[in-house]
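In what follows, a structure is listed as structure tokens, so that the remarks can point back to it.
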Amino acid sequence: MELSIEYKQQVRTALLERRPNFGGTDGQFAKIYGINGAVFSRLNKGEIEGLISPSQWLQIGRELGINNKKSSWKVVRTKVYTEIESSIQFCQTFARSMVLVDACGIGKTFSAKNIVKTMRNAFYIDCSQSKSKQLFVRHFAKTLGIDNKGKYIDVKENLKYYINQLENPVFILDEVGDLEYTAFLELKELWNAADGTAGWLMMGADGLRNKIQKGINNKKVGFAEIFSRFSDEFIQLTPNGVLDRQAFYNELLTQVATANHTGSQPVETLVKQCLKKEATLRHLETLIKISA
């Protein structure tokens, strides 16, 4: 597979831009992306060719969100974006924990991924990609630049130790409802190990709310304890009232459509189509792309 020098340069630039926001060493930062410290040092000096394989370039590019086909989709500071940003900043500043449970398709994941790029020692973890306890802990360790190979217990102990070495870290755990029960219990252990030193924001949709409530109601070990550690409440951004909810979606869809729509069809028409179908930002994106 032949990759263009332009693509590699894009990946290198994004990698170096991310480095100042990570509080560990260059070697630990390099491990996050599957390369060693010596390779990162050479990349930092401007070298590109002959350092890593095409598959590694693609892996790093994927993890950094580099698209070979440049996307024109703009980040919009919607109410959802600013509220999530405020929540993450609060959790990091005061080492607090929160649970954000809200409707699908309002931009939670998109916002969180973009917000952590601008913050120091802020880490995004997609739990849907690591559902079992082993995958979850090893993925968590890799995200922090820790060696995630070897004995599971050693990886976990190193992870707990390292979390406490970081300066004001904050962890955004997305799609937490997908975690298996044993992985959910490991989350409690990690939280306990970093009590008072780390911030946490747990995010999900109704499935997460139902999972926690059902676990508490059935007195299943761990659920009440975890919910207590995450402030004993669910944060929700979408209003419950019918009129307020309609106004919320109208504002959200209009803001995103105004920033990203380049076609001749009026923004109001696209928004009305979405509202009529009770559709989300994903459907809006589709409408914008096919009407461009």
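Index from 1, following the sequence.
- Looking only at side-chain heavy atoms (C-beta outward), T238 and Y249 come within less than 4.5 Å of each other.
- Between the CG atom of N250 and the CG atom of L243 there is a distance of 12.0 Å, given to the nearest 0.5 Å.
- Looking at Y81 and I115, their side chains come closer than 4.5 Å, going by heavy atoms from C-beta outward.
- The local environment of CZ in R282 is sparse, with at most 12 non-hydrogen atoms from other residues, nucleotides or ligands closer than 6.0 Å.
- In terms of heavy-atom proximity, Q273 sits nearest to Q265 at NE2-NE2, 3.3 Å.
- A side-chain N or O of R138 and one of Q134 form a donor-acceptor pair less than 3.5 Å apart.
- With hydrogens and angles disregarded, no donor-acceptor distance shorter than 3.5 Å links the side chain of R245 to the backbone of N240.
- For the pair K220 and F184, the cation does not sit on the ring face, since its NZ or CZ is not both under 6.0 Å from the ring centre and inside 45° of the axis.
- The aromatic rings of F22 and Y162 sit tilted relative to each other, their planes meeting at an angle between 30° and 60°.
- Within a 6.0 Å sphere centred on NZ of K160, other residues, nucleotides and ligands contribute more than 12 heavy atoms.
- If you check the side chains of R229 and N192, you find a donor sitting under 3.5 Å from an acceptor.
- For Q59 and R62, the side-chain atoms include no donor-acceptor pair closer than 3.5 Å.
- Judged by distance alone, the side chain of K131 and the main-chain N or O of S128 form a donor-acceptor pair under 3.5 Å.
- Note on ring orientation: taking the six-membered ring where Trp is involved, the planes of F230 and W200 are perpendicular (angle over 60°, cut-offs 30° and 60°).
- Under a 3.5 Å cut-off, the side chain of S41 and the backbone N or O of G37 do not form any donor-acceptor pair.
- Between the side chain of K133 and the main chain of T182, no donor-acceptor pair closer than 3.5 Å is present.
- Under the 3.5 Å distance criterion, the side-chain polar atoms of N260 are matched with a main-chain donor or acceptor of K74.
- More than 12 heavy atoms of other residues, nucleotides or ligands sit less than 6.0 Å from atom CZ of R120.
- Of the possible donor and acceptor atoms, one in the side chain of Q165 sits under 3.5 Å from a partner among the backbone N and O of Y161.
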